[in-house]
Colleague: 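This is the structure I have questions about; it appears just below.
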There are 2 protein chains.
Amino acid sequence: MVKTDFSPIADTTRRAEIVALLRRAILTGQLEPGQKLNELRISEQMRVSRAPLREAMRELVQEGLLTSIPYAGTFVIDVTAKDIDDAYSLNKVLDEFAIERTWPQRDQRFFDELDRRHEAVKLATRNLDTTRQIETALQLHGLIYEWADNSVLLETWQRLISRLQMYFALHQQARNEPVPAEDVHETYVRLMKGTDMRAAQRHAREHINLDFEQLLSYARGLEQRPSKGA
Amino acid sequence: MVKTDFSPIADTTRRAEIVALLRRAILTGQLEPGQKLNELRISEQMRVSRAPLREAMRELVQEGLLTSIPYAGTFVIDVTAKDIDDAYSLNKVLDEFAIERTWPQRDQRFFDELDRRHEAVKLATRNLDTTRQIETALQLHGLIYEWADNSVLLETWQRLISRLQMYFALHQQARNEPVPAEDVHETYVRLMKGTDMRAAQRHAREHINLDFEQLLSYARGLEQRPSKGA
DNA sequence: GACAATCAGATTGTCGACAATCTAACAAGA
DNA sequence: TCTTGTTAGATTGTCGACAATCTGATTGTC
């Protein structure tokens with residue numbers, strides 16, 4: 001008999017689609033930080049009743065992209081410099097751990113996937129598609145988390161980058177110009193293929209610090225004039 | 001003028017209460033791993049409609065205590081030895097980070113709170129209240145996360161211990177006898193008050209390993225005979 | 001003019017009913 | 001006997017309407 005691998009059936013519920021739509025809207029900056037989500041308006045726009053919309057919003061609240069105040073409303077989270085600082089400092093620790101766990105498990109499939117994702121980043125960079133560039137860069141970075149074979153770690157990281165992706169998108173949108181950042185990934189990929197784990201860990205930490213400084217200065221600028229949502 | 005600190009008003013929505021009820025039921029082992037949650041039955045028992053119940057369940061799904069399969073149902077997560085292993089190995093990393101961040105911020109208020117929580121553990125231990133013992137021990141342990149002044153770290157840890165608490169409860173329930181474990185906390189508190197940060201980190205790691213081995217053996221025992229939920 | 005009480009509008013929280021889907025038992029046919 | 005089609009029951013997903021709550025504007029009083 002032929003051995004075939006079937007992927008799981010797509011979640012065909014309105015709720016799941018709504019979650020995806022809203023998440024994308026938030027991560028691309030379509031919905032601004034602090035902005036209130038009017039349930040009636042959104043449900044009418046999506047041609048959906050409020051029940052699945054509300055359930056979707058509860059999920060995103062737990063995911064950390066929205067915050068909810070009873071009888072007042074649900075809002076996109078606000079970006080503070082401290083949030084970015086917190087997220088990044090934790091990310092550094094998780095990176096070291098992920099690399100440590102992934103290191104002994106690297107094989108040809110890992111290297112191939114690493115190259116594939118690296119190519120995706122380079123393509124997005126050439127096309128000047130900043131949104132896609134962020135997505136692909138995070139996917140490249142996420143490989144070590146997928147490979148670390150620790151479901152809790154992966155889940156934790158995904159929650160973390162949800163927010164980081166949002167911050168990045170805001171940053172890019174504000175500057176309105178693509179970040180080159182290609183050579184940084186070049187070095188990262190090379191080190192991840194090498195034999196010096198400590199060097200890879202060190203580079204990951206420093207590479208992150210680079211983008212981090214840009215983001216922080218942007219966030220501090222935001223905090224000078226409070227947003228309308230606050 | 002007198003400076004008064006007001007605590008936030010309680011969330012007076014059915015949804016929030018349902019979440020608390022369900023979470024407690026799961027963490028105390030009242031709801032078994034793998035068990036299906038029948039919406040109609042639960043909503044009738046709680047005298048609530050399905051809408052707020054379903055929203056509450058979405059929150060707990062995102063919290064990692066439940067899993068949902070469209071049109072099939074929502075289930076309490078299954079406990080596997082690997083889950084415990086993953087959670088604990090991540091917890092070790094987070095502990096080191098939390099201690100490092102907390103260390104320079106320790107003051108008299110920190111030490112007082114440390115003692116207060118330690119007393120709570122000792123009280124629960126004397127009363128042979130295993131559930132409370134788990135709760136208080138986790139609260140003692142959580143102090144470094146609250147003090148680390150990193151909201152993302154705290155949030156991450158809270159998600160982690162939700163599951164760890166569930167595992168512990170199952171373990172205790174299976175053994176049906178309280179774990180002494182008082183002297184371990186004694187050493188921990190002493191080290192957290194001391195001047196050697198490395199020693200505190202080392203102890204946290206080893207202390208965790210202790211309970212960890214017990215839990216793992218329990219989980220491996222569970223996996224011999226598959227649960228009815230699977 | 002300042003302040004408290006009241007009220008209308010809008011929005012969120014909750015409810016009961018209906019639609020879509022799954023499961024398991026049963027029947028029909030090769 | 002095994003497989004396939006059908007059907008009834010139960011359960012989840014979704015809907016539209018109502019109740020509870022908040023916001024702000026207005027009014028009345030001092």
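Residue numbers begin at 1 in each chain, while the letters A, B, ... track the order of the sequences. Since the model is a prediction, treat every value here as computed from it, not as a measurement.
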Colleague: From CG of Asn38(A) over to P of dT12(C), roughly how many Å is that when rounded to an integer?
Modeller: 5 Å
Colleague: Provide the Watson-Crick or G-U wobble partner of dC30(D), both distances under 3.5 Å; none if there is no partner.
Modeller: dG1(C)
Colleague: Quick one: which of dT11(D), dT14(C), dT14(D) gets closest to the side chain of Glu55(A)?
Modeller: dT14(D)
Colleague: How do Val48(A) and Ala72(A) order along DNA chain D: which one's closest nucleotide is nearer the 5' end?
Modeller: Val48(A)
Colleague: Just the rounded figure in Å: distance from P of dC18(D) to CG of Leu40(A).
Modeller: 15 Å
Colleague: Can you find a side chain N or O atom of Ser49(B) that sits less than 4.0 Å from OP1 or OP2 on dC15(C)?
Modeller: yes
Colleague: Measure CZ/Arg14(B) against C1'/dA20(D) and give the value in whole Å, please.
Modeller: 10 Å
Colleague: Does the distance from a Lys or Arg side-chain N to an Asp or Glu carboxylate O, for Asp112(A) and Arg116(A), drop under 4.0 Å?
Modeller: no
Colleague: For Arg50(B) and dT14(D), what is the distance between atoms CZ and P respectively, to the nearest whole Å?
Modeller: 11 Å
Colleague: Using only side-chain N and O atoms of Arg41(A), determine if any of them is under 4.0 Å from OP1 or OP2 of dT11(C).
Modeller: no
Colleague: Below the 4.0 Å mark, does dT12(C) have OP1 or OP2 next to a side-chain nitrogen or oxygen of Arg15(B)?
Modeller: no
Colleague: Can a donor-acceptor pair be found between the side chains of Tyr145(B) and Asp95(B) at a distance below 3.5 Å?
Modeller: yes
Colleague: Is the number of heavy atoms from other residues, nucleotides or ligands within 6.0 Å of CZ (Arg24(A)) greater than 12?
Modeller: no
Colleague: Atom CD of Glu44(A) and atom C1' of dC15(D): how far apart are they, to the nearest Å?
Modeller: 14 Å
Colleague: Choose from dC22(D), dG13(D), dT11(D) the nucleotide whose nearest atom is closest to any side-chain atom of Tyr71(A).
Modeller: dC22(D)
Colleague: Does the side chain of Arg15(A) reach to within under 4.5 Å of the side chain of Ser68(B), using non-hydrogen atoms?
Modeller: yes
Colleague: Within less than 4.0 Å of OP1 or OP2 of dG13(C), is there a side-chain N or O belonging to Arg54(A)?
Modeller: yes
Colleague: With a 4.0 Å cut-off on N to O distance, would you call Arg109(A) and Glu113(A) a salt bridge?
Modeller: no
Colleague: Report the distance from atom CZ of Arg47(B) to atom P of dT14(C), rounded to the nearest whole Å.
Modeller: 17 Å
Colleague: So, OP1 or OP2 of dG13(D): does either fall under 4.0 Å of a side-chain N or O from Arg58(B)?
Modeller: yes
Colleague: Met46(A) has an atom CE; how far is it from atom C1' of dC15(D), in whole Å?
Modeller: 17 Å
Colleague: Expressed in angstrom and rounded to an integer, what is the separation of Ile42(A) atom CD1 from dT11(C) atom C1'?
Modeller: 13 Å
